[in-house]
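See below for the structure under consideration.
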There are 2 protein chains.
Amino acid sequence: MPKLGAEPIRRAALVKATIETVGEAGSLEVTVAQIARRAGMSSALAHHYFGSKEQIFLAAMRSILTLYGAEVRGALSTATTAESRLRAIVSGSFAPGSFRRETISAWLNFYVLAQTLPEAYRLLRVYQRRLRSNLRHELRPLVGARAEAVARGLGALIDGVYIRAALADGAPDRAYALKIVTEYLDRELEVRE
Amino acid sequence: MPKLGAEPIRRAALVKATIETVGEAGSLEVTVAQIARRAGMSSALAHHYFGSKEQIFLAAMRSILTLYGAEVRGALSTATTAESRLRAIVSGSFAPGSFRRETISAWLNFYVLAQTLPEAYRLLRVYQRRLRSNLRHELRPLVGARAEAVARGLGALIDGVYIRAALADGAPDRAYALKIVTEYLDRELEVRE
DNA sequence: GTTTTTGTTGATTGACGAGTCAATAAACTT
DNA sequence: AAGTTTATTGACTCGTCAATCAACAAAAAC
């Protein structure tokens, strides 16, 4: 009984189910059937809309990165000074929408996917470059020439805190994650000499 | 033509081949046959010695963690002061033996494996705890109460730099990786107030 | 010199899973 | 109302792969 206009709903449901399934399984070795079942449809329909498992994964990854970007942009919207913008980027990175168990686990898996799938690699690089560029831009007036190195350090630290959260048992501790990254930033911002 | 005493040689060859194969493929989705071929034997023999693919992976992971531990211990052996020991741990983490493309990629994949395989999880936790404990111990006399947070930060940063290296194209830049982590450490060690 | 242990593999089994297809049905179009 | 487009699925194909097995070979033990 086809209600028309199902496509976008189905696609969204599949993306959501993919993140959940991969997140729960902690692995990309999940079947299209599992994902489809979770999204309330047959695996044939999933293939009908996405063509391949690969495309399903890519769509899920895009969704995660888009959400992350929106989260950061949201945090950024109210900030004006360089320092407050910097802190907004950091805290946006750990916003509740992104910093959730399944999402983090899925993130880690997509990181691995980027080693194999060129398109996934490209997506991740875009995100990394944008993040670093944002950080560098705000850091420049605060730490001058060290901006590049600090931006890279911050980016790596954020990733590190993320994947450690994937492994920690229990719900990810947003406050603590934020504290670690914030302290790093605080130290770097204490201008000397 | 069986030369006796083949077992340890075969096992080592399989472990090496596993790290290489996983590292090159950038994925755990490699077949036992691929690994075995690379190690110069039939897949049946691989199963004969390890029983299952899972056990092969675990042995490879143990090997990586053991090498890493040895590398750190080696760097530590010549250091005496708390600060030099701290720096030894950090630079040991990026020793040429561990900080190599395939190894890093394999590491990342084993990180993912730890989400699925309890034994892999256990191994990784042991490594993490030992690292943090070492760092904390050397940090205590230098940064006092902040030792715990700094140790966690350092651990996360090291992991972050590692996985970023897995994704960077070209050979991993040890000097740069070291520089980032060292700068973090420098900032934290600049005692104030 | 026969039996046992260790090493080794080709062939096979059995399961699983991505992707396809034919068929069915409800909407929209003309 | 006939035809077209969109939605949907059960059944099937085809490939892959972990794991097992039967068999063979050489060294060691007896």
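Any value given below was found using the heavy atoms of this structure, including those in side chains, with hydrogens, waters and symmetry copies removed. We name chains A, B, ... by the order of the sequence lines, and we start the count at 1 in each one.
Along DNA chain C, the nucleotide closest to B:Gly40 and the one closest to A:His47 are compared, and the more 5′ of them pairs with B:Gly40.
Of the side-chain N and O atoms in A:Arg10, none sit less than 4.0 angstrom from OP1 or OP2 of D:dT6.
Among the nucleotides C:dT9, D:dT9, D:dT8, the one closest to the side chain of A:Ser42 is D:dT9. Closest to the A:Leu45 side chain, of the nucleotides C:dT9, D:dG10, D:dT8, is D:dT8. Taking the side chain of A:Ala6 as heavy atoms from C-beta on, and the options C:dT8, D:dA7, C:dT9, the nearest nucleotide is D:dA7.
Between B:Tyr68 and B:Trp107, the ring planes are tilted. Angles from 30° to 60° get that label.
Across the protein-nucleic acid pair, B:Met41 atom CE and C:dG10 atom P stand 13 Å apart, rounded to whole Å. B:Gln34 has its CD atom 7 Å from the P atom of D:dC17, to the nearest Å. In this structure, B:Lys53 atom NZ and D:dA19 atom C1' are separated by 12 Å, rounded to whole Å. One can place CZ of B:Arg37 at 13 Å from P of D:dT16, the figure rounded to the nearest angstrom. Here C:dT6 presents its C1' atom at 14 Å from CZ of B:Arg11, a figure rounded to the nearest Å. Atoms CD (A:Glu29) and C1' (C:dC16) sit 12 Å apart, rounded to a whole Å. Rounded to an integer number of Å, the gap from B:Phe50 CZ to D:dC17 P is 20 Å. Atom-to-atom, CG of B:Leu14 to C1' of C:dT8 comes out at 13 Å; the value is rounded to the nearest Å.
At distances below 3.5 Å, not a single donor-acceptor pair connects side-chain atoms of A:Ser105 with backbone N or O atoms of A:Arg101. Without hydrogens or angle criteria, A:Gln115 side chain to B:Ala166 main chain gives a donor-acceptor distance under 3.5 Å.
Nearest approach of A:Ala13 to A:Met41, heavy atoms of both residues: CB-CE, 4.4 Å.
When heavy atoms are screened at a 4.0 angstrom cut-off, B:Tyr49 is found touching the sugar-phosphate backbone but no base atom. Across all strands shown, B:Ser52 has heavy atoms under 4.0 Å from sugar-phosphate atoms exclusively, and none from any base. Residue contacts for B:Ala44: at a heavy-atom cut-off of 4.0 Å it reaches a base atom on one of the strands shown. At the heavy-atom level, B:Thr31 lies under 4.0 Å from the strands shown only through sugar-phosphate atoms.
A:Leu76 and A:Phe94 fall within a single hydrophobic cluster, where Ile, Leu, Val, Met, Phe, Trp and Tyr are joined by side-chain heavy atoms under 4.5 Å apart, directly or via other members.
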